[in-house]
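Okay, structure first, notes after.
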Amino acid sequence: MDLFLPIKENRDFRRMYARGKSYVSPALVTYVMRNRTGSLRVGITTSKKVGNAVKRSRSRRVIREAFRMCACRVKPGYDFVFVARGKTPFVKSTDLFKSMEKQLRDAGVFQ
């Protein structure tokens with residue numbers, strides 16, 4: 001069973017971009033916002049700036065795996081949107097995990 005639910009609606013992504021707090025690193029941008037559901041929701045976006053379909057898919061896989069490694073320590077009741085950047089398809093999930101961990105720690109969402 002997954003520890004988190006996907007964010008799929010465009011309005012949810014737009015709300016995160018407008019009201020969420022953002023944290024930036026060279027390979028990843030993270031938007032964090034509290035939700036009222038008490039569940040953990042995650043959305044991943046990769047634009048065409050990242051590269052072709054293969055690179056965008058790899059970026060999503062790397063981001064998903066990095067979040068899976070730190071999801072058990074995240075408090076429930078938050079929404080996250082992870083935005084891939086140009087470097088994302090070229091980093092390993094362990095390297096991305098370190099920068100994601102720093103961003104989530106800065107956001108104060110770890111238990």
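As a basis for the values below, the full set of heavy atoms in this structure was taken, side chains included, without hydrogen atoms, waters or symmetry mates. Computed from a predicted model, the values in this text were never measured in an experiment. In this chain, residues are counted from 1 in sequence order.
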Apply side chain to side chain contact (heavy atoms under 4.5 Å, CB included) to the pair M100 and I63, showing each step before the final yes or no.
CA-CA 9 Å; M100 183 183 287; I63 291 170; 4.1 Å; yes
Minimum heavy-atom distance between R41 and D12, given as atom pair plus value
NH1-OD2, 3.6 Å
Check this for me, if you would: do D95 and K92 make a salt bridge, where the nitrogen-to-carboxylate-oxygen distance has to be below 4.0 angstrom?
no
Atom pair CZ/CZ of F110 and R105 - distance to nearest 0.5 Å:
6.0 Å
What's the spacing between M16 CE and T45 OG1 if we round to 0.5 Å?
10.5 Å
Heavy-atom closest pair (C70 atom, F97 atom, distance to 0.1 Å) is CB-CE1, 3.5 Å
Between the side chains of E65 and R68, is the shortest nitrogen-to-carboxylate-oxygen separation below 4.0 Å, so that they form an ion pair?
yes
Side-chain contact test, heavy atoms from C-beta onward, threshold under 4.5 Å: evaluate it for V32 versus V109 and give yes or no.
yes
With side chain to side chain contact (heavy atoms under 4.5 Å, CB included) as the test, would you mind laying out the steps for V42 and L5 before giving the verdict?
CA-CA 6 Å; V42 176; L5 302 169; over 6 Å; no
Are T88 and R58 close enough that some pair of their side-chain heavy atoms sits under 4.5 Å apart?
no
Are R14 and E9 ion-paired here, with the side-chain N under 4.0 Å from a carboxylate O?
no
Side chain to side chain contact (heavy atoms under 4.5 Å, CB included) between K8 and F13, worked out
CA-CA 8 Å; K8 295 181 181 175; F13 281 99; 5.7 Å; no
Search all heavy atoms of A27 against all heavy atoms of L96 and return the closest pair with its distance.
CB-CD1, 3.8 Å
Please report the shortest heavy-atom distance between G38 and P76, naming the atom on each side.
O-CB, 3.3 Å
Is it the case that the side chain of Q103 and the backbone of L28 share a donor-acceptor pair, with hydrogens and angles ignored and the cut-off at 3.5 Å?
yes
Should V24 and V81 be counted in the same cluster of Ile, Leu, Val, Met, Phe, Trp and Tyr side chains packed under 4.5 Å apart?
yes
In Å and rounded to the nearest 0.5 Å, what is the CE to NZ distance from M69 to K98?
9.5 Å
For a 4.5 angstrom cut-off between non-hydrogen side-chain atoms, does F4 reach V74?
no
Should we say atom NZ of K102 is surrounded by more than 12 heavy atoms from elsewhere, each under 6.0 Å from it?
no
Using a 6.0 Å distance limit plus a 45 degree cone around the ring axis, check whether K21 lies over the aromatic ring of Y23.
yes
Evaluate the ring-ring contact (aromatic ring centres under 6.0 Å, His included) criterion for residues F80 and Y31: first the C-alpha distance (whole Å), next the side-chain angles of each, then the deciding distance (0.1 Å), finally the verdict.
CA-CA 6 Å; F80 299 98; Y31 290 88; over 10 Å; no
Check the orientation of F67 and F82. Use parallel for under 30°, tilted for 30 to 60°, and perpendicular for over 60°.
tilted
Can we say D79 and R34 salt-bridge, meaning some charged N sits less than 4.0 Å from an Asp/Glu carboxylate O?
no
Under the side chain to side chain contact (heavy atoms under 4.5 Å, CB included) test against V50, which residue among R85, K87, R56, R60 passes?
R56
At what distance, to the nearest 0.5 angstrom, does CD1 of I7 lie from CD1 of I44?
10.0 Å
